[in-house]
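Note that this is a predicted model, so its numbers are computed, not measured.
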Amino acid sequence: MSDNTFLTTLCAVTLTVVGLLVWTGRAETEAPLFSEVTAELGLSQTETTWPPGTHALPEIMGSGVALLDYDQDSDLDILHIRYPPPRKRNSPAPNRLFQQQPDGSFVDVTEASGIGHTGYGQGVAVGDVDNDGDLDVYVTNYGPDVFHRNNGDGTFTQEDIGVSNDGWGTSATFGDYDRDGDLDLYVTNYVRFDPETTCRGKHSAPDYCHPSVFEATTDRLFRNTGDGTFTDVTQQAGIAGMPGRGLGVVCLDLTGDGWADFYVANDGEANHLWVNQTDGTFTEEAILRGLAFNAYGQPEASMGIAVGDVNTDTRPDLFITHLFSETNTLYIAANDSGFIDMTEVAGFAGIDLPFTGFGCGFLDFDNDSDLDIALVNGRVKRDDILEGADIGEFWNFYAEPNLLFQNNRTGFGNAAGNFTFTDVSTRAPDFTRRVEVSRGTAFGDIDKDGDIDMVVGSHDNRLRLFRNDAPPPEHHYLFVRSITDNRDAYGAQVTLRTESRTLTGYVLPGTSYLSSSDPIVHFGLGSIDKIEAIEVRWQDGSRETFQGTPANRRITVSQGEGVPF
């Protein structure tokens, strides 16, 4: 072991102890911010005992969840992507769809809907690919991916639409990169896994392999032809020339030119930023724009991606989850062409360093008009058992608590940053005290009470629903749904103008890790009770202004019905 490796390990172990002391030592004097309501809302669980793992890499990577209104009744339903238990590859583990009922409870409609595919489930992307007003579903697998077309009557049909991806698909996202009005599809692929390969970890015990053991693969880009089918344009778009070990992806204009780019979180190597050249091709510019490495020029094991305007300068900022001994990284948009790693001044680095993060999101959980951070954790390498782990003799070595950070709101509008986050994990014990191996996470106002709730998937095909109980009554909110071409306007930027603040959000369900969240944009408003104007920059680059509105409601804005500017 080199001196640098020894010092890194020593620091990581020390911070693990310090982090746990901080996490467990705070007084719980305030009401819980989140409450688990999984059982009381009817989200039944099927697996009670998860068998020990085999150290095959796919079984430690987990799977995703989606919040979607598949039946167009204005309530969020839940799609849980699942995979077969270790040592039981022939045991079916169909994906499960739960329909929300008028009373807020859920009913399993998997069989009736026809969406219960039994592959080795990984990720999910949700989008209306045929602009018919209902949501279709694309599921990635360790193996061939699957597309489910929504029939508009509560059922889905599995179809071949020209999207062929037979590798190890992870995260996927829909977005209109060519600005033709139809949603295209980007699929990240992980590694060429060889199940015969064996690896060892701590104390030379058998363990899950590092992804670098296996060959990197090429992501895939599929263009929507407009007739319900897709064409593989990976090669001509220029993406095929740079393989990676992709785990997360977002589709959004990150360069300020009005054209959607793709940002890919790669595991253990430089991240990719595919910048749209407006002619159907992309150029990789992550290093040039400050998004390939951390502030020290080091590649990290990137997993989940969150997007939000943290410092309220109307530009998107990024939060990326990473491996144990690597901080999760906060990239702040310095201008329309570059980003700065502001992790060290943000205040969470000394707390999250001991943990391995996966699903994540920016959310204003207390509706005070600034963005907070929620993330879920779980190791991929065997380590000492943490207090509270109780998920089986094998999996206890991989279990970790989740984390919740509150924005201190110490400054806004400064790209160099004047903002910090405080660890408030002890105030959400249902979400953070359970020590498990958590992966996919999705966000949305499930109970329609004006704040953002969370759904989390764990390693054992277990689903957990956390209700947000945080916002005080005096904190206001607004939900904005943006519609174009009869569907949600993925990639649109929504900005609220008020007397005291300017707030920006993004129509971006395909964030976090392997998951899909509600595309309706939520704004916490704090004491603000009136919006002066709503501005939307649509995916095609055009801009419109819509009239203001009182707070505490849900509104819809449609492209072409505002005033251009």
Side-chain angles (χ1 to χ4, degrees), residues 64-79 100 124-138 147-150 152 156 171-186 224 226 228 230 249-253 258-260 262 307-308 316 361-363 442-446 448 452 455 478-496 504-512 515-523 534-544 546 553-562:
V65 292
L67 286 172
L68 71 163
D69 181 12
Y70 86 96
D71 52 3
Q72 302 183 66
D73 64 353
S74 299
D75 294 322
L76 289 175
D77 311 299
I78 301 173
L79 177 61
Q100 186 171 174
V124 57
V126 176
D128 183 2
V129 303
D130 46 12
N131 292 0
D132 64 352
D134 49 42
L135 294 172
D136 309 299
V137 175
Y138 182 82
F147 174 78
H148 300 275
R149 190 179 301 278
N150 194 323
F156 292 84
S171 290
T173 188
F174 288 108
D176 183 11
Y177 79 86
D178 53 3
R179 306 206 316 193
D180 66 351
D182 298 311
L183 290 177
D184 311 298
L185 175 66
Y186 190 106
N224 193 326
F230 287 74
V249 61
V250 294
C251 177
L252 185 69
D253 175 20
W259 290 77
F262 294 103
V307 179
F362 284 121
L363 72 162
F443 302 87
D445 185 8
I446 297 173
K448 299 177 72 172
I452 298 299
V455 177
L478 184 72
F479 285 89
V480 180
R481 185 180 187 189
S482 303
I483 299 294
T484 183
D485 294 311
N486 202 39
R487 59 168 174 80
D488 289 290
Y490 286 15
Q493 173 179 298
V494 182
T495 298
L496 306 186
T504 300
Y506 306 93
V507 184
L508 204 63
T511 59
S512 189
S515 299
S516 182
S517 297
D518 184 12
I520 299 177
V521 181
H522 165 260
F523 294 94
I534 301 171
E535 299 174 359
V536 181
R537 190 183 75 175
W538 300 99
Q539 182 73 57
D540 64 6
S542 64
R543 297 171 181 259
E544 289 181 304
F546 297 84
R553 60 180 55 191
R554 299 165 186 270
I555 67 168
T556 298
V557 295
S558 298
Q559 186 169 12
E561 296 182 1

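Between the side chain of E544 and the backbone N or O of G560 there is at least one donor-acceptor pair closer than 3.5 Å. Of the possible polar contacts, one joining the R149 side chain to the G228 backbone as a donor-acceptor pair under 3.5 Å is found.
From Y186, atom OH reaches atom OG1 of T173 across 11.0 Å, with rounding to the nearest 0.5 Å. Atoms OH and NE2, from Y138 and H148 in turn, are 10.5 Å apart once rounded to the nearest 0.5 Å. Considering OH of Y177 and CG of L185, their distance stands at 11.0 Å, rounded to 0.5 Å. To the nearest 0.5 angstrom, I78 atom CD1 is 7.5 Å from Q100 atom CD. We find the CG-CG distance between D178 and N224 to be 8.0 Å, quoted to the nearest 0.5 Å. Rounded to the nearest 0.5 Å, atoms OG1 (T556) and CG (D488) are 9.0 Å apart.
Taking the side chain as every heavy atom from C-beta outward, S517 and L67 never approach each other to under 4.5 Å. For the pair D445 and H522, the minimum side-chain heavy-atom distance is 4.5 Å or more. Between I555 and R481, every side-chain heavy-atom pair lies at or beyond the 4.5 Å cut-off. In this structure, the side chains of D134 and F156 stay at 4.5 Å or more apart for every pair of heavy atoms. Two residues are said to be in side-chain contact when any heavy atoms from C-beta on lie closer than 4.5 Å; V137 and L68 meet this criterion. You'll find the side chain of D176 stays beyond 4.5 Å of the side chain of D182, heavy atoms only. Side chains of V494 and S482 form a contact here, defined as non-hydrogen atoms less than 4.5 Å apart.
In plain terms, the two heavy atoms of P316 and V307 that are nearest each other are CB-CG1, 4.0 Å. In terms of heavy-atom proximity, Y490 sits nearest to L135 at OH-CD2, 4.3 Å. Contact between L183 and F230 at its shortest, heavy atoms only, is O-CE2, 3.4 Å. Nearest heavy atoms, S515 versus G64: OG-CA, 3.6 Å. Across every non-hydrogen atom of G444 and D518, the tightest pair is CA-CB, 4.1 Å. In plain terms, the two heavy atoms of V129 and F174 that are nearest each other are CG1-CE2, 3.5 Å.
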Note to self: Is there a side chain to side chain contact (heavy atoms under 4.5 Å, CB included) between Q493 and V536? Walk through the geometry before answering.
What the structure shows: CA-CA 6 Å; Q493 173 179 298; V536 181; over 6 Å; no

Next item on the list: Please lay out, stage by stage, how D69 and D77 fare under the test side chain to side chain contact (heavy atoms under 4.5 Å, CB included).
Entry: CA-CA 5 Å; D69 181 12; D77 311 299; 3.9 Å; yes

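In this structure, a donor-acceptor pair under 3.5 Å is present between the side chains of T484 and Q559.
With Y506 as the fixed residue, the side chain to side chain contact (heavy atoms under 4.5 Å, CB included) test singles out one of V521, T511, L252: L252. Residue R487 forms a side-chain hydrogen bond (donor to acceptor under 3.5 Å, both in side chains) with just one option from N131, D128, D132, and that option is N131.
The aromatic rings of W538 and F546 sit perpendicular to each other, their planes meeting at more than 60°, with 30° as the lower class boundary.
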